[in-house]
Amino acid sequence: MSAVSDRLPTFPWDKLEPYKKTAAAHPDGIVDLSVGTPVDPVPELIQKALIDAADSPGYPTVWGTPALRDAITGWVERRLGARGVTHRHVLPIVGSKELVAWLPTQLGLGPGDRVAYPRLAYPTYEVGARLARAEYEVYDDPTELDPRGLKLLWLNSPSNPTGKVLSGQELTRIVAWAREHGVLIFSDECYLELGWEAEPVSVLHPDVNGGSYDGIVAVHSLSKRSNLAGYRAAFLAGDPAVLGPLLEIRKHGGMMTSAPTQAAVVAALGDDEHVRVQRDRYAARRTALRGALEAHGFRIEHSEASLYLWATRDESCWATVAHLAELGVLVAPGDFYGEAGARHVRVAFTATDDRVEAAVRRLA
């Protein structure tokens, strides 16, 4: 076991424990704005679908029910503007983190193969490469990478942690470059429905991909847009030549979404109103926290989308973490997401209204 675990970095969140204890000692309790886990109720129509499917004694299928595939293809076309999406273009997954961590292995990557991801990024992109023993590197502009040996290119728009959004023109340029050099793109779009000052675009949109899904796959999650982090519900959409072999591999590995969760996803993707309601909650919390942070001396950079504010006081991120912990507010240090984040912190606005109000009072 150590041979595998030794490939991995120290689990970053363990480093935050002392600061969490400091914040928890505040007389009014901790305001945890670090992890970004949803805290609002699962919408009733989704809970009902889950409950109605609770009597599911048989094994679910890895590819999902026809109803689930219909729901995914319909949503991808309605919400993302994709065209000609069939069941062969989609694949349910057991939450997006599982996919990110094991994708390089499932693609058969190994020593000598390269995986690239943004300079500031979700740490699991690196973890996935390490598990496969592949090489990994960061980029500012992926088209400046050496394409030789580059087997997997991760895009992330809107970005975690910065909230930065790639424009349609940027995506079009990157897709064209990747196809020219035979580089497979996986585009992590899990925050796409949470654009505030920009309208995120999917690589599945025909204006980006020219009406072809060759060499591109989009990753989507219901954790944030539908408060389903506890359900482990996500899916892929894109190139059937990539998804077909992944389906076969995942069948052998037993990577199947539970039957009740599949039913819940059908309900979630068929309803846009609960997404609007949740967006309004997040928008109010974002406005309150942004104003309080700026008044406290922070500068907010990017943050035009996603569930985070990328904030700095032009000091070490750990000095900022310590300062806010003394106020009972816990945030994530920017260097969790790469060395370029060493002077920033990521502030999630996923806490309840009451806790957000508490943070605003303390920052004042």
Side-chain angles (χ1 to χ4, degrees), residues 9-26 30-36 117-123 125-126 137-142 144 156-167 170 191 194-198 282-351 355-364:
T10 302
F11 189 62
W13 295 98
D14 291 344
K15 301 177 187 177
L16 206 55
E17 281 303 312
Y19 302 92
K20 188 173 185 178
K21 289 179 181 177
T22 298
H26 190 279
I30 188 173
V31 177
D32 193 342
L33 307 179
S34 61
V35 178
Y117 48 85
R119 187 170 302 280
L120 284 165
Y122 185 44
Y125 302 137
E126 177 186 331
E137 61 188 288
V138 299
Y139 65 78
D140 295 306
D141 179 347
E144 296 177 356
N156 180 209
S157 176
S159 163
N160 174 16
T162 70
K164 182 180 179 181
V165 173
L166 294 174
S167 69
E170 289 175 292
Y191 295 91
L194 296 164
W196 311 112
E197 295 157 5
Y282 285 141
R285 294 165 185 167
R286 177 181 184 272
T287 298
L289 280 172
R290 179 167 193 150
L293 287 166
E294 289 176 334
H296 196 76
F298 282 89
R299 184 174 70 255
I300 308 299
E301 296 181 354
H302 303 302
S303 306
E304 57 258 33
S306 83
L307 288 177
Y308 313 108
L309 295 168
W310 189 238
T312 181
R313 297 204 309 171
D314 295 311
E315 64 183 4
S316 160
C317 61
W318 288 100
T320 304
V321 168
H323 168 70
L324 291 175
E326 292 292 337
L327 300 178
V329 177
L330 188 68
V331 298
D335 66 3
F336 276 11
Y337 308 94
E339 294 178 2
R343 298 177 72 81
H344 289 73
V345 293
R346 193 194 73 170
V347 184
F349 41 91
T350 53
R355 291 287 83 190
V356 169
E357 289 170 6
V360 169
R361 288 194 302 271
R362 295 174 195 184
L363 289 167

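For this chain, numbers begin at 1 and follow the sequence in order.
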(message) For His323 and His296: C-alpha separation, side-chain torsions, deciding distance, then whether side chain to side chain donor-acceptor pair (under 3.5 Å) applies.
(response) CA-CA 12 Å; His323 168 70; His296 196 76; 2.8 Å; yes

(message) So, taking the atom named CD in Glu17 and the one named CG in Leu330, what distance separates them when rounded to the nearest 0.5 Å?
(response) 8.5 Å

(message) Quick check against the 3.5 Å criterion: does Arg362 have a side-chain atom that pairs as donor or acceptor with the backbone of Gly328?
(response) yes

(request) Please tell me if the side chains of Glu304 and His302 come closer than 4.5 Å, counting only heavy atoms from C-beta onward. (result) yes

(message) If I take atom CG from residue Leu307 and atom CZ from residue Arg285, how far apart are they, to the nearest 0.5 angstrom?
(response) 10.0 Å

(request) Report yes if some heavy atom in the side chain of Leu120 is under 4.5 Å from a heavy atom in the side chain of Trp310; otherwise report no. (result) yes

(request) Take atom CD of Glu339 as the centre, draw a 6.0 Å sphere, and report whether it contains more than 12 heavy atoms from other residues, nucleotides or ligands. (result) no

(message) Measuring from atom CG of Leu309 to atom CG of Leu289, what distance do you get when rounded to the nearest 0.5 angstrom?
(response) 6.5 Å

(message) Does this structure show an ion pair linking Glu301 with Arg343, if we count only N-O contacts that are shorter than 4.0 Å?
(response) no

(request) May I ask you to decide if the ring planes of Tyr19 and Trp318 are parallel, tilted or perpendicular, using 30° and 60° as cut-offs? (result) tilted

(message) Less than 4.0 angstrom from a charged side-chain N to a carboxylate O is my criterion; do Arg290 and Glu294 meet it?
(response) yes

(request) Locate the shortest heavy-atom distance separating Leu16 from Ser34; write the atom from each residue and the value. (result) CD2-CB, 3.9 Å

(request) Please step through ring pair (Phe, Tyr, Trp, His ring centres under 6.0 Å) for the pair Tyr282 and Trp196, ending with a clear verdict. (result) CA-CA 10 Å; Tyr282 285 141; Trp196 311 112; 7.3 Å; no

(message) Quick check against the 3.5 Å criterion: does Arg355 have a side-chain atom that pairs as donor or acceptor with the backbone of Ile30?
(response) yes

(message) Before you tell me yes or no, could you show the steps for Tyr117 and Glu126 under side chain to side chain contact (heavy atoms under 4.5 Å, CB included), namely the whole-Å CA-CA distance, both residues' side-chain angles and the distance that decides it to 0.1 Å?
(response) CA-CA 8 Å; Tyr117 48 85; Glu126 177 186 331; 3.3 Å; yes

(message) On a heavy-atom basis, which atom in Tyr191 and which in Pro158 lie closest, and how many Å separate them?
(response) O-CG, 3.4 Å

(message) Looking at every non-hydrogen atom in both residues, tell me the closest pair between Thr350 and Gly36 and how far apart they are.
(response) OG1-CA, 3.2 Å

(message) If you apply the rule side chain to side chain contact (heavy atoms under 4.5 Å, CB included), what do you find for Tyr125 with Asn156, and how did you get there?
(response) CA-CA 10 Å; Tyr125 302 137; Asn156 180 209; 3.5 Å; yes

(request) Examine distances only and state if a side-chain atom of Ser303 and a backbone atom of Gly163 form a donor-acceptor pair shorter than 3.5 Å. (result) no

(message) By the definition side chain to side chain contact (heavy atoms under 4.5 Å, CB included), identify the one residue from Val345, Asp314, Thr312 that meets it with Thr320.
(response) Val345

(message) Please report the interatomic distance CD(Glu315) to NE2(His344), rounded to the nearest 0.5 Å.
(response) 11.5 Å

(request) Heavy atoms only: give me the nearest Pro123-Phe336 pair and the separation to one decimal. (result) CG-O, 3.3 Å

(request) Locate the shortest heavy-atom distance separating Arg346 from Val331; write the atom from each residue and the value. (result) O-CB, 3.7 Å

(request) Supply the atom-to-atom distance Ser159 OG to Leu166 CG, rounded to the nearest 0.5 angstrom. (result) 8.5 Å

(request) Given side chain to side chain contact (heavy atoms under 4.5 Å, CB included), test Leu324 with Leu33 step by step and report yes or no. (result) CA-CA 10 Å; Leu324 291 175; Leu33 307 179; over 6 Å; no

(message) So which atom in Ala305 and which in Val165 form the shortest heavy-atom distance, rounded to 0.1 Å?
(response) CB-CG2, 3.5 Å

